[in-house]
Amino acid sequence: MKVFMSWSGQRSKLTAELLHGWIKCVIQAAQPWISSKGIERGAMWFSEINNELKDTTIGIVCLTQENKNAPWILFEAGALTKGLASNRVCTFLVDLEPADLQPPLGQFNHTFPTRESMWSLVNTLNNGLETNRLDVVVLQRVFDTYWPQFEAEFKQILADAPPVTVVTPREEKDILSEILETTRHMSQRIRLLENQGSHKSHVFVKPEYAHLVNWKKSQWIDNENSVKFDFSKFDWRNLAHVLMYGGKSSDEVRSLLLNAGLCDKQVDEIMRHVASLPPSGESASS
């Protein structure tokens with residue numbers, strides 16, 4: 001399992017090098033890689049990093065006040081998140097708090113230089129191994145052995161590599177604005193998922209009315225004397241038309257549309273449209 005160490009700036013580099021050696025001691029089967037150690041002289045630097053990123057399973061991004069908005073950090077973090085189903089990105093906050101970060105880095109799982117947080121990181125790395133995974137009891141003993149070494153060396157890095165520039169903390173208004181935007185985005189996604197979930201239900205109608213939905217025959221699922229429709233994609237007006245003239249009452253149609261995620265205003269408009277259509281014949285087009 002390859003672990004890509006991302007850094008930018010002296011303090012971040014020293015932290016990445018510390019993690020590089022420490023992880024190899026705690027989890028021998030892991031293969032940490034860092035550009036300051038992994039690129040041979042004469043090799044094409046950019047191409048070499050791109051090749052390493054492609055084969056990475058887990059990435060650790062060492063973030064500081066100075067590099068949190070650095071283009072190179074953002075590039076490597078973005079490259080690590082490609083293939084999100086299998087890749088994992090862990091941000092290591094050297095001298096930061098979560099509130100100091102903006103998206104996209106603020107959306108990752110953060111690791112702090114504390115015993116509890118580092119134990120969680122080690123567990124994540126160990127669970128990412130396909131073979132030679134350590135038993136949790138063994139892992140705990142190894143971690144306990146090497147933790148004092150990491151703690152002491154990390155404190156020394158903070159003392160030896162002070163920040164080069166003074167970074168102004170984020171304003172409270174900026175943080176609140178980000179929280180509001182994130183909350184709105186999450187609310188929209190939750191509603192979308194809920195609607196998609198309700199659209200997974202199905203409805204059966206008589207085959208003679210199925211043509212009104214304007215679907216191809218290949219998209220129908222025949223079931224004895226009715227046709228089964230998935231709620232994922234179609235014209236809601238035509239669906240309501242099919243249901244009403246296939247034996248459903250207006251109240252049943254209204255309830256079905258509301259349960260499928262449409263709002264009252266949309267349902268009222270659909271029902272008014274359906275009421276103006278003939279009971280049979282050609283497709284009810286909007």
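Everything numeric in this text was worked out from a predicted model, so none of it was measured.
Looking only at distances, a side-chain donor or acceptor of T91 sits under 3.5 Å from a matching main-chain atom of N109.
The distance from atom OG1 of T56 to atom CZ of R88, rounded to the nearest 0.5 Å, is 14.0 Å. Note that SG of C62 is 7.0 Å distant from CD1 of I34, once rounded to the nearest 0.5 Å. Separating the CD atom in Q156 from the CD atom in E151 is a distance of 13.0 Å, to the nearest 0.5 Å. If you take NE2 on H110 and CG on L121, they are separated by 13.5 Å, rounding to the nearest 0.5 Å. Atom CD1 in I58 sits 6.5 Å away from atom OG1 in T124 (nearest 0.5 Å). Between atom OG of residue S120 and atom CZ of residue F112 there is a gap of 10.5 Å, rounded to the nearest 0.5 Å.
A salt bridge links R254 with D268: at least one charged nitrogen is closer than 4.0 Å to a carboxylate oxygen. A salt bridge between K68 and D100 is absent, with no side-chain N of the basic residue lying under 4.0 Å from a carboxylate O of the acidic one.
Of all heavy-atom pairs between T64 and D95, the closest is CA-OD1, 3.1 Å. Looking at every heavy atom in both residues, L129 comes nearest to A30 through CD2-N, 4.3 Å. Across A161 and Q10, no two heavy atoms sit closer than the pair CB-CG, 4.5 Å. Closest of all the heavy-atom pairs between V89 and A77 is CG2-O, 4.5 Å.
Looking at heavy atoms from C-beta onward, C25 lies out of side-chain contact with F143 at the 4.5 angstrom threshold. Between F108 and V61 there is no side-chain heavy-atom pair separated by less than 4.5 Å. Contact of the L139 side chain with the V26 side chain is registered, since non-hydrogen atoms from C-beta on lie closer than 4.5 Å. A 4.5 Å side-chain heavy-atom check between V122 and W22 finds at least one atom pair inside the cut-off. Side-chain contact between Q65 and P163 is absent, with no heavy-atom pair separated by less than 4.5 Å. Counting heavy atoms from C-beta on, the side chains of L158 and T15 never come closer than 4.5 Å. Side-chain atoms of I23 and I60, non-hydrogen and from C-beta on, do get closer than 4.5 Å to each other. Looking at L93 and T111, their side chains never come closer than 4.5 Å, going by heavy atoms from C-beta outward.
The side chain to side chain donor-acceptor pair (under 3.5 Å) contacts involving residues 129-141 comprise Q140-D144, where partners must be two or more places apart or lie in separate chains.
Taking the six-membered ring where the residue is Trp, F154 and F150 present parallel rings, their angle staying beneath 30° rather than reaching 60°.
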Walk me through it: do F4 and E76 pass the test side-chain contact (heavy atoms from CB on, under 4.5 Å)?
CA-CA 9 Å; F4 186 95; E76 289 188 342; 3.6 Å; yes

Evaluation steps, side-chain contact (heavy atoms from CB on, under 4.5 Å), between W147 and M118
CA-CA 9 Å; W147 167 251; M118 289 296 291; 3.5 Å; yes

Would Q31 and V3 count as a side-chain contact (heavy atoms from CB on, under 4.5 Å) here? Give the steps.
CA-CA 6 Å; Q31 299 175 355; V3 183; over 6 Å; no

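For Y146, the OH atom counts as loosely surrounded, since its 6.0 Å shell holds 12 or fewer non-hydrogen atoms of other residues, nucleotides or ligands.
Contacts of Q28 classified as side chain to side chain donor-acceptor pair (under 3.5 Å), with partners at least two apart in sequence or in another chain: none.
In this model, a donor atom of one side chain and an acceptor atom of the other lie less than 3.5 Å apart for S12 and N67.
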